[in-house]
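The sequence lines fix the lettering, A, B, ..., with proteins before strands; numbering per chain opens at 1. Atom set for the values below is all heavy atoms of this structure, side chains included, hydrogens, waters and symmetry mates excluded. All of these numbers come straight from a predicted model, not from anything done at the bench.
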Amino acid sequence: MKELMTILRKEFIHILRDKVSLFLVLAIPIMLTLLFGFTISTELRNAKISVLDLSKDSQSIKLIEKITSSGYFQVISLPESEAAIDFDFKNKNVKIAIIIPTQFEASLTKEKNADIQIINDVSDLNVASILNNYMQAVLYDFIADFNENSSSDAPVEIATKMQYNPEMNSVYMFVPGIITLIMIIVTALMSSITLSREVETGSMRMLLITPVKKIYVVFGKVIPYMILSFISTIIILVISVLVFKMPIKGSLFLLLFLCIVFMFTAASFGLMISALVKTQLEAMMVTMMGLFLPTVLLSGFLFPLDNMPYFFQLLADIFPAKWFIIAIKDVMIKGSGFAELWLYMLILLGMAIVLVTISLTRIDKRR
Amino acid sequence: MHSIEVENLTKKFGHFTAVDHITFQVRKGEIFGFLGANGAGKTTAMKMMCGLLQPTSGKATIAGYSLKSEAKLIKRNIGYMSQRFSLYNDLTVYENMQLFGTVYGIPRKELNTRIFNSLEELQMTEKAKTLVNAIPLGWKQRLAFATAMLHRPQIVFLDEPTSGVDPIVRREFWNLIYRTASQGVTIFVTTHYMDEAEYCNRISIMSEGELKLVGTPQELKDKMQVDSIADVFVKFVNR
């Protein structure tokens, strides 16, 4: 135990003397969280719309009012022809257009049916699909109002309930993702770099020649980065809750425990990488390409795993991020408890134990 | 009395034999030079003797302990220093010495006394709180040696301890080695400087995993009929 404390103490001195790295490790999570929170929001307001009203009756005017008052759209043009809509798209930065057919009011009252055409600018897929959803919602709302007022037999009835994230807040998606990325960077990347630095400079041999147990040398070097990473995670959580109103529905204790488990797994990946490479540069490259990239692409954080080819779904299973993101979302958003999460934690711990065992035997064979 | 006894020590990596049945003894207090071209197997042999690598076969007794069964006790009784890595640059002189003293289990109070004494001896007491970074290479080397001696080992392994320093510093370093050996500490040193080889009590030359020659510098020169160890080495490696 005293040996472990000695190595820990040394590693903390290294970290505290390297002010630039320390600053980066603590500042990057704050920057990333604020950056994602304020910019990668999936919410759009006041999108420019042009409306071709071929009917110009009382209902079509009501519909235009409805669109304007929704807050999502800003009607900037009322063209007279379809060709003019095209002009708006090209020159007036219009994102979406609708065409209200002739005889709109008559069709609605008599045939209970009216075809409204929505034209999207899909040069930006994300914006287009979000605006399309908003427009659908506005139209449903309009029809509902119409049914109520006409008190006739209601033709359309749609009810959708958004479970767990009723406001469809994007913050729910990115906070677990950022926590994952930061833990991979701070724990896996930093520990693989710091361990391979000792191998590269020859100090690892120096330490291994002393009577200190190898496991103390390794853990003494990795634990400080786990602590740093834990501090970063808490910073991210505080910002998410205070600034972005992210809920933590489940137990905070369980959430933090889950983070510690994942940190252990991330550190074991860093350890494994440092056992495979010879230099700090290699350690950095392998961690970025072999661990960071799969974490971004295959964790379900940015791209849904369900749509991926089967091979990539299998590949995603062997990286820890997928399991952690499922679990952390369940705790924070659904409020799941230990009973629902133990399997994920077991998978993460299992990965860690296997990797630590392999790495420790491999360090023997290194200089 | 021998402090190092090596018998048929062998290390194979797959089909490659890095160290091939080497046998030699080193007396207590002797300065033993371990020479050989790069890749001859010196490092592998030394790693086995320090307990970093398991031998494939053969046996060795280091500081009176068996390599097979008492590796932990060997580690407590040997010191190690290399030029490649001497001390942590971002730690102070005192922190470095404290780190390496503590991992050998020297009690805190005793350790402080020993650190103070060896800094005194090196006339570096006022440098205790200086980062190693800011210390000239020659001083750093003597500091590293003093650090390796803090736990009073019976044997010190010096892995190319003087590469990259000027002749004066090397001369001073060798004075330090002589003083240490005269106190009964065995010195096991690898080097590429042939003039340093002349300073050793006995030297050995390794080539292709085998220990080809062992003897005093004079014996080897006589045997090969040349005037210097450098010529012994060149003539030998060219054969």
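- The nearest pair of heavy atoms linking A:Met206 to B:Tyr80 is CE-O, 3.6 Å.
- For a residue to count as touching a neighbouring chain, one of its non-hydrogen atoms must lie under 4.5 Å from one of that chain's; by this rule B:Tyr88 touches chain A with the side chain only.
- Residue B:Leu91 holds its CG atom at 8.5 Å from CZ of A:Arg9, rounded to the nearest 0.5 Å.
- The neighbour count for B:Glu110 CD, taken as heavy atoms of other residues, nucleotides or ligands under 6.0 Å away, is above 12.
- Looking at B:Gln98, the atoms closer than 4.5 Å to chain A (heavy atoms on both sides) all sit in the side chain, from C-beta outward.
- Taking the side chain as every heavy atom from C-beta outward, B:Thr102 and A:Lys2 approach each other to under 4.5 Å.
- For the pair A:Pro211 and B:Val103, the tightest heavy-atom approach, listed with the atom from each and the gap, is CD-O, 3.9 Å.
- For residues 85-100 of chain B, the pairs satisfying salt bridge (Lys or Arg N to Asp or Glu O under 4.0 Å) are A:Arg17-B:Glu95, with sequence neighbours left out.
- From A:Thr6, atom OG1 reaches atom OH of B:Tyr104 across 13.0 Å, with rounding to the nearest 0.5 Å.
- For B:Asp159, the part lying near chain A is the side chain, with the backbone staying farther off; criterion is any non-hydrogen pair under 4.5 Å.
- Rounding to the nearest 0.5 angstrom, the gap separating the CZ atom in A:Arg205 from the SG atom in B:Cys50 is 8.5 Å.
- The number of heavy atoms from other shown groups lying within 6.0 Å of CZ (A:Phe257) does not exceed 12.
- When the shell of 6.0 Å around CE of B:Met149 is examined, it contains more than 12 heavy atoms from other residues, nucleotides or ligands.
- For residues 65-76 of chain B, heavy-atom neighbours of chain A at less than 4.5 Å comprise B:Lys72, B:Lys75, B:Arg76, sorted by residue number.
- Of the listed residues (A:Ile13, A:Val212, A:Thr210, A:Asp18), the one with the most heavy-atom contacts under 4.5 Å to chain B is A:Thr210.
- Heavy atoms closer than 4.5 Å to chain B are found in the backbone of A:Glu200, but not in its side chain.
- If you take CD1 on A:Ile209 and CE on B:Met46, they are separated by 7.0 Å, rounding to the nearest 0.5 Å.
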